[in-house]
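Predicted model only: the values in this text are computed from it and were never measured.
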Amino acid sequence: MKISESFDHAPAAERDGHPVECASRCVGIVIAVPEPMASELRAARASFGDPMAAVIPAHITLVTTTETTDWDATLRHVREVATCQEPFRVTLQGTSSFRPVSPVVYLNVDEGFDECIALHKEFQSGPLARNLAFPFHPHVTVAHDVSEQSMDEAVQRLDGYSASFTVDCVGLYEHDATGLWKLHEHLQLGGGKEVSR
């Protein structure tokens with residue numbers, strides 16, 4: 001599975017829903033949802049009126065916008081963590097919402113939940129260690145910051161959704177000077193890496 005590079009067109013970095021200005025370098029690490037699921041979920045998200053459907057592919061965030069002051073140490077760290085994690089299965093099953101705390105409807109990560117939690121914990125340590133405003137909860141967003149009616153529709157329409165895929169790599173992204181996310185490299189799980197530039 002290759003992670004989508006269309007995150008290159010994603011908007012400026014956010015942390016806990018607020019824009020982040022990175023004085024040094026900011027990274028993010030995600031699991032991409034593969035095709036044909038990615039296109040199905042993009043279409044569903046667009047149908048709920050979410051403008052981000054066009055620019056943010058379906059994914060599970062493992063590390064949200066995190067600033068690093070030592071890029072070389074960060075690369076060594078994330079590559080080592082990826083090497084130690086064997087590929088695993090993810091099953092997306094049904095919907096939930098972060099309302100009223102956050103206007104988000106998402107697909108639940110059923111199978112693979114524990115692996116995502118463990119990966120997040122390992123990645124978000126060392127040079128990427130920081131305190132999070134909320135506990136990490138792996139999920140795939142299907143509606144964000146749309147009307148209550150649209151969020152209700154997303155919950156109901158995708159409640160029976162179920163799909164599985166194998167995670168054998170994750171994407172390491174850098175928030176660049178123009179305010180966009182750029183893919184730095186694919187991190188192969190269980191060994192090896194694939195540098196994209």
Yes or no on side-chain contact (heavy atoms from CB on, under 4.5 Å) for F123 and V27, after CA distance, side-chain angles and deciding distance? CA-CA 11 Å; F123 279 132; V27 301; over 6 Å; no

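- When side chains are defined from C-beta on, L107 counts as touching L41, because their heavy atoms get closer than 4.5 Å.
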List the steps and the verdict of side-chain contact (heavy atoms from CB on, under 4.5 Å) for L183 and Y173. CA-CA 4 Å; L183 178 66; Y173 284 81; 3.6 Å; yes

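- With a 4.5 Å cut-off on side-chain heavy atoms, M52 and D145 do not count as touching.
- The closest donor-acceptor contact from the side chain of T68 to the backbone of L128 lies at 3.5 Å or more, if one exists at all.
- Annotation for I56 and H59: closest pair CG2-CE1, 3.4 Å, computed over non-hydrogen atoms.
- In this structure the side chain of F48 never reaches within 4.5 angstrom of the side chain of V105, judged on heavy atoms.
- One distance of note links CG of L172 with CD1 of I29; it measures 5.5 Å at 0.5 Å rounding.
- Of the possible polar contacts, one joining the E35 side chain to the S39 backbone as a donor-acceptor pair under 3.5 Å is found.
- In this structure, S97 contributes its side chain and V104 its backbone to a donor-acceptor pair below 3.5 Å.
- When all heavy atoms are compared, the tightest approach of T61 to F136 is O-CE1, 3.0 Å.
- A38 approaches V33 most closely through the heavy-atom pair CB-O, 3.2 Å.
- Counting heavy atoms from C-beta outward, Q124 and L132 have side chains that approach closer than 4.5 Å.
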Assess whether side-chain contact (heavy atoms from CB on, under 4.5 Å) is satisfied between D114 and F88, documenting all intermediate values. CA-CA 10 Å; D114 291 341; F88 60 97; over 6 Å; no

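- A donor-acceptor pair under 3.5 Å is formed between the side chain of T66 and the backbone N or O of T64.
- With hydrophobic clusters built from ILVMFWY side chains whose heavy atoms lie under 4.5 angstrom apart, F165 shares a cluster with V109.
- The hydrophobic clustering, which links ILVMFWY residues whose side-chain heavy atoms are closer than 4.5 Å, places V81 and V78 together.
- The minimum heavy-atom distance linking Q188 with C169 is given by the pair OE1-CB, 3.5 Å.
- Side-chain contact between M151 and P103 is present, with heavy atoms from C-beta onward closer than 4.5 Å.
- Under a cut-off of 6.0 angstrom, the local environment of CD in E111 is crowded, with over 12 non-hydrogen atoms contributed by other residues, nucleotides or ligands.
- For the residue pair M37 and S164, the shortest heavy atom distance occurs at CE-O, 3.7 Å.
- With N108 contributing its side chain and D110 its backbone, the two residues share no donor-acceptor pair below 3.5 Å.
- Using a 4.5 Å cut-off on side-chain heavy atoms (C-beta onward), W181 and T65 make contact.
- Checking side-chain atoms of R79 against main-chain N and O of L187 turns up no donor-acceptor pair under 3.5 Å.
- Note that CG of L158 and CZ of R45 are 11.5 Å apart. Values are rounded to the nearest 0.5 Å.
- Between D152 and R99, at least one side-chain nitrogen of the basic residue sits less than 4.0 Å from a carboxylate oxygen of the acidic one, meeting the salt-bridge criterion.
- H137 and F113 have their aromatic ring centers within a separation under 6.0 angstrom.
- Using a 4.5 Å heavy-atom threshold, the side chains of V30 and I60 count as separate.
- H144 has its side chain out of reach of V146: every pair of non-hydrogen atoms, C-beta onward, lies at least 4.5 Å apart.
- Note that SG of C84 is 10.0 Å distant from CG of L119, once rounded to the nearest 0.5 Å.
- Placement of I117 and L92 within a single hydrophobic cluster is found when ILVMFWY residues are connected by side-chain heavy-atom separations under 4.5 Å, directly or transitively.
- Under the 3.5 Å distance criterion, the side-chain polar atoms of D168 are left unmatched by any main-chain donor or acceptor of P87.
- Shown here for S162 and Q93, the closest heavy-atom pair between the two residues is OG-OE1, 2.9 Å.
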As a quick check of understanding, evaluate side-chain contact (heavy atoms from CB on, under 4.5 Å) for E115 and V90, giving each step before the final call. CA-CA 9 Å; E115 288 87 347; V90 159; over 6 Å; no

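- Checked by atom type, the side-chain pair R157/S47 shows a donor-acceptor distance below 3.5 Å.
- Hydrophobic clustering (ILVMFWY, side-chain heavy atoms < 4.5 Å, transitive): V167 and Y106 are in distinct clusters.
- A donor-acceptor pair under 3.5 Å is formed between the side chain of H77 and the backbone N or O of S125.
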